[in-house]
Amino acid sequence: MKEYKPQEIENKWQKVWDEKGVFKTPQYSEKKKYYALVMFPYPSGTLHVGHVKNYVIGDIVARYKRMKCYKELNPFGYDAFGLPAENAAIAHKIHPKKWTLDNINTIRGQIRKIGISYDWDREVITCMEDYYKWTQWIFLKLYEAGLAYKKPGAVNWCPSCQTVLANEQVKEGKCERCGTTVTMKYLEQWYFKITDYAEKLLEGLDRLQGWPEHVKIMQRNWIGKSIGAEIEFPVEGMDKKIKIFTTRPDTIYGVTFMAIAPESPLVMELVTEECREEVENFLAKVALEDRFKRASLEAKKEGVFVGRYAINPLTSEKIPIYVANYILYEYGTGAIMAVPAHDQRDFDFAKTYNLPIKQVIRPEDGEWNIHEKPYEAEGIMINSGPFDGLKSIEGKEAITEYIQTKGFGKKSVQYKLRDWLISRQRYWGAPIPVIYCEKCGIVPVPEKDLPVKLPENVEFLPTGQSPLTLSEEFKHSICPKCGSHAHREVETMDTFVDSSWYYLRYVNPKDDHKPFDTNDVNYWLPVDQYIGGVEHAVLHLLYSRFITKVLYDLGYINFDEPFENLFTQGMIYKDGWKMSKSKGNVVSPDDMIEKYGADTLRMYILFMAPPEKDAEWNDAGIEGVNRFIKRLWTNFYKVLEIIKQSNDDNTEFGKEEKNLRRKLHYMIKKIKEDIEGGFKFNTAIAGLMEFNNQLSDYLESTKSPNKKLLEEVAEKLVLILSPFAPHMAEEMWSDLGKNTLIVEEKWPDYDANALKEDELTVVVQVNGKVRGRITIPADLSEEDVKKVALESVSKVIEGKSINNIFYVKGKLVNIVVN
RNA sequence: GCGAGAGUGGCGGAAUUGGCAGACGCGCUGGACUUAGAAUCCAGUGGGACUGAUAAUCCCGUGAGGGUUCAAAUCCCUCCUCUCGCACCA
């Protein structure tokens, strides 16, 4: 019997695949295209099995589709710029470039050993000039389109990373990378105008049928669209109006005060002499507060009267104006009309400062004590003059309409989404291709001068200042417009800019004249299946959609969504924790391959849980899968031996043969359905195990195994196995005497005829409880089945009257008695 | 607080178009092989009752409680717990 030596056969077949170039992307063929893509890694260390899960899932999909006769683009690359690599490089006192490229070499080696079917010729590394040149090109295109701009303002600052962060990179007030509490700074920074695309990004989500609902919901929430009205409230005794945004214009008769954000310049314009001191003290106090604490629900609502009153344009009522800590300057207009009767926050504030609470909406039925709790739901308008009696939904329309005709305001839509802050005060990124000229101001670097090279001999310790400031050679430049003395932008781009377009580069990774070829990209994109972690829901996945939509609007591509189908895989935990070096709970794929081989590793990762779920690594679990693989190997070579020894050409199958053949085809059907019906690889592998057990039973029980049957079993079993355990499948295929490569074979179809059974086992229930089972010919009539069923439980139903008999065809009979 | 998802043996998980709950694997128990162990193979394995024991039979059981139905892990109502995301967005 041939011994199973995984490392040996894995090396052998990986070499063969390489030499024959079987995973190279076909350029010309009749086949339909399929673009399978996994989120590329940050090369900031070595891979652990959690990363590998991503690539294995992608590889099963790619190999399956390849066998289903698609022509495949299945590339891999590295998100090589950015803070993690830079921080690691600082810690290890070597240059980020060397550190990054060393890691890439390690990772590439790790992945090759797993037998992932990538087209390695298309590898993309974002920190290389031939890539970031085109990242800079994208910046220029956005700049030309008015979608990249520089503005001063309050920005998120990570004191540990010593750089600004985009809103999407702040999680619960902490830096998404390092967990340090984010503070605020006033800085002039570069932004991409993603807010211009809020509506398009929202609309596109509805078309993405192949995306998980929870990711779409996260994006919708992040974009945060609200429909309402902008209304202007005149200030008494001043030629000034306060503009507010509200989603509840129907509650305007219930306004009892106004509130303005502390940061708003309006505050100091409105404040009266008597109140000035108190207001200034309040502003000073708020300025010192942590802004994320201030913006949390638990924070107490506080404010001060500014000394003035506004006039409600509908009622002409005089209402006091406050500056209040719970008003956000960045959202809406930075000022609100406060309706304590119908808003919890206004209610809390009114209670604290003893302000009136005026109910203007009542529930459709039932009582409501407005002094106990605000009523925030829809209802019927009351105390609202001519609008009394309207439903609040109608009231919204009616009042918006009214203020619009009177010129007090207009319908308005607001979004929570903020523009994407893309400049960083760090070294390891693509330089922003812009020059500052004393005469011409901001001048973009001409396309022909790209790339703006990142200098390598620069001190890059994080100081809060861009390290490129230190390089006179880099900074010094000449204005491309007027030729006078100028200096370069010293800040670099956020790595999320690099990764927001890499899926396009894979199509023409070596083209040095353009970022991609429009025809080729239009052919290969959108990506058919994208696979990665859910942590990118409102980061990379949002940015990529934005960049794609911009390139679409600029006419470079003919699709406006990059990823047709998205799959988010769960994480692998060990000892209850995410794997990390500091926790010391990292499971290395290399160790597992050395111990069990890549095929076992691949299969265990898929078997441990449904792929979208988080799973706990279990050393005993991988042993179990390894046992299965060895049993399968043994069975296969037993079968092969029988085939070789036998001259029997009998195709008349007995009961056992028919039975085994049915189970074979049942497995083929099940695995196809498991893969296509939502990547249920865990149950697909269970199906393989089950069939292997059945094959063992057959080999053990039968005296004269049938050669023809076993030939079919061996061939189809190996084909089905091949996406999961490609190396051993290739070895088995070749031992079957085939002179093709299994990776180039077709996925077998099941034979519906083989699935038919001559005899069925039917469960017999009495009053819904299983009381027996009967074996019947498959074609027995319903009447006869019932008869047999009744007989089989005659003891149980003796002396009882039969009320009803239900028959579920081929499955179950339920006899109802009393 | 809002939004989404999930609660099934000792464990990971199957079954969700209502139709045999616990597939498959781990673990555990017993056995075979062995000087012994490892490996491998075979058998058993939700809880309980009955029985001297076996076979058989019965009862209970999918977070809790109620409902619909011949039949509920699956559908409906009420509640609890956990995970994730957002978090004063007017």
Side-chain angles (χ1 to χ4, degrees), chain A residues 171-173 212-222 224-226 228 244-248 251 259 261 292 294-301 324-328 330-339 342-346 348-349 376 414-418 534-535 537-538 570 603-604 607-610 612-625 627-628 630-631 634 670 680 682-693 696 700 761-773 795-796 803-818:
Chain A
K171 302 279 164 192
E172 290 177 15
E213 204 51 41
H214 68 279
V215 174
K216 292 199 273 187
I217 288 168
M218 279 164 75
Q219 290 209 357
R220 275 193 201 104
N221 290 344
W222 190 258
K225 180 183 183 176
S226 299
I244 62 96
F245 171 74
T246 180
T247 52
R248 295 295 301 273
T251 62
F292 289 97
R294 183 188 134 198
S296 77
L297 267 169
E298 297 83 48
K300 220 181 141 222
K301 289 173 183 50
N325 64 349
Y326 72 99
I327 309 303
L328 303 172
E330 316 87 60
Y331 184 76
T333 60
I336 62 149
M337 63 175 214
V339 187
H342 304 292
D343 182 282
Q344 184 69 51
R345 298 153 296 177
D346 299 348
D348 295 344
F349 192 85
E376 294 185 304
Q414 294 288 329
Y415 300 92
K416 285 193 229 174
L417 184 68
R418 297 278 87 92
V534 72
E535 65 274 15
V538 291
M603 279 200 138
Y604 174 59
F607 182 65
M608 57 198 299
E612 69 278 10
K613 261 197 72 172
D614 290 344
E616 171 84 24
W617 183 271
N618 179 353
D619 288 327
I622 192 167
E623 292 271 0
V625 171
R627 271 203 284 273
F628 156 66
K630 284 191 278 191
R631 275 198 289 260
T634 309
K670 178 192 165 53
K680 296 195 240 165
N682 56 327
T683 53
I685 290 170
L688 274 166
M689 289 171 166
E690 212 169 342
F691 180 72
N692 187 47
N693 293 342
S696 297
E700 203 159 312
T761 300
V762 171
V763 168
V764 183
Q765 296 184 330
V766 176
N767 287 346
K769 286 183 175 147
V770 181
R771 286 293 179 266
R773 54 198 74 221
K795 266 186 203 159
V796 184
N803 286 353
N804 215 337
I805 302 178
F806 293 85
Y807 177 48
V808 183
K809 198 168 183 304
K811 273 191 180 164
L812 163 150
V813 178
N814 189 12
I815 301 162
V816 186
V817 298
N818 58 5

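Proteins come first, then strands; the chains are lettered A, B, ... in the order of their sequence lines, and each starts at number 1.
- Comparing B/G27, B/G25, B/G19 by their nearest atom to the side chain of A/Leu812 picks out B/G19.
- B/C59 and B/C42 have their C1' atoms separated by 32 Å, with the value rounded to a whole Å.
- Nucleic acid contact class of A/Asn803 (heavy atoms, under 4.0 Å, all strands): none.
- With B/C20, B/C88, B/C24 as the choices, the nucleotide that has an atom nearest any side-chain atom of A/Tyr326 turns out to be B/C88.
- Residue A/Phe349 contributes atom CZ, which lies 19 Å from atom P of B/A90 at whole-angstrom precision.
- Atom name P, nucleotides B/C26 and B/C82: the rounded distance is 33 Å, in whole Å.
- Going from the C1' atom of B/G18 to that of B/U74 covers 6 Å, rounded to whole Å.
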Practice problem: Would you mind building the protein contact string for nucleotides 37-48 of chain B? One character per nucleotide, 5' to 3', B for base within reach (heavy atoms under 4.0 Å), S for sugar-phosphate only, - for untouched. | Solution: ---SS-------
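- OP1 or OP2 of B/A14 has at least one side-chain nitrogen or oxygen of A/Asn682 nearer than 4.0 Å.
- Residues forming a salt bridge (Lys or Arg N to Asp or Glu O under 4.0 Å) with A/Glu213 (at least two apart in sequence, or on another chain): A/Lys216, A/Arg220.
- Residue A/Ile327 is classed as a base contact, given a heavy-atom separation below 4.0 Å to a base.
- Atom CE of residue A/Met689 and atom OG1 of residue A/Thr683 lie 11.5 Å apart, to the nearest 0.5 angstrom.
- Residue A/Asn618 contributes atom CG, which lies 10 Å from atom P of B/G12 at whole-angstrom precision.
- Here the side chain of A/Lys811 is nearest to one of B/G19, B/G25, B/A23, namely B/G19.
- Consecutive Watson-Crick or G-U pairing (both distances under 3.5 Å) extending over three or more pairs maps onto RNA chain B as B:1-7 with B:80-86, B:10-12 with B:24-26, B:27-32 with B:40-45, B:46-49 with B:57-60, B:63-67 with B:75-79.
- Taking atom P in both B/U29 and B/U81, one finds a spacing of 38 Å when rounded to whole Å.
- Closest to the side chain of A/Thr683, out of B/A14, B/G27, B/G13, is B/A14.
- B/U8 and B/A23 have their P atoms separated by 16 Å, with the value rounded to a whole Å.
- Rounded to whole Å, atom P of B/G3 lies 11 Å from atom CD1 of A/Ile217.
- For the atom pair CG (A/Asn221) and CE (A/Met218), the distance works out to 9.0 Å, reported to the nearest 0.5 Å.
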Nucleotides 65-70 of chain B: which of its N/O atoms have a protein N/O under 3.5 Å away?
unit_1: B/C70; atom_1: O2'; unit_2: A/Asn814; atom_2: ND2; d: 3.3
unit_1: B/C70; atom_1: O2; unit_2: A/Asn814; atom_2: ND2; d: 2.6

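- Comparing the P positions of B/G9 and B/G47 gives a spacing of 12 Å, expressed to the nearest Å.
- On the P atoms, B/C58 is 26 Å away from B/U69, given to the nearest whole Å.
- Closest to the side chain of A/Thr246, from the set B/A90, B/C24, B/G13, is B/A90.
- Taking the six-membered ring where the residue is Trp, A/Tyr326 and A/Phe349 present tilted rings, their angle falling between 30° and 60°.
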Below 3.5 Å is the cut-off: list the nitrogen or oxygen pairs between protein and nucleotides 55-61 of chain B, distance only.
unit_1: B/C58; atom_1: OP1; unit_2: A/Arg771; atom_2: NE; d: 3.2
unit_1: B/C59; atom_1: OP1; unit_2: A/Arg771; atom_2: NH2; d: 3.3
unit_1: B/C59; atom_1: OP2; unit_2: A/Arg771; atom_2: NH2; d: 3.3

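- The side chain of A/Ala686 has B/A23 as its nearest neighbour among B/A23, B/A15, B/A90.
- Using a 4.0 Å heavy-atom criterion, one finds that A/Gly332 contacts no nucleic acid atom at all.
- Comparing B/U68 with B/C77, their C1' atoms are spaced 11 Å from each other, to the whole Å.
- Rounded to a whole Å, the NZ atom of A/Lys613 is 13 Å from the P atom of B/C11.
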Each nucleotide N or O in nucleotides 83-86 of chain B that has a protein N or O under 3.5 Å away: list the pair and distance.
unit_1: B/C86; atom_1: OP1; unit_2: A/Lys171; atom_2: NZ; d: 3.2

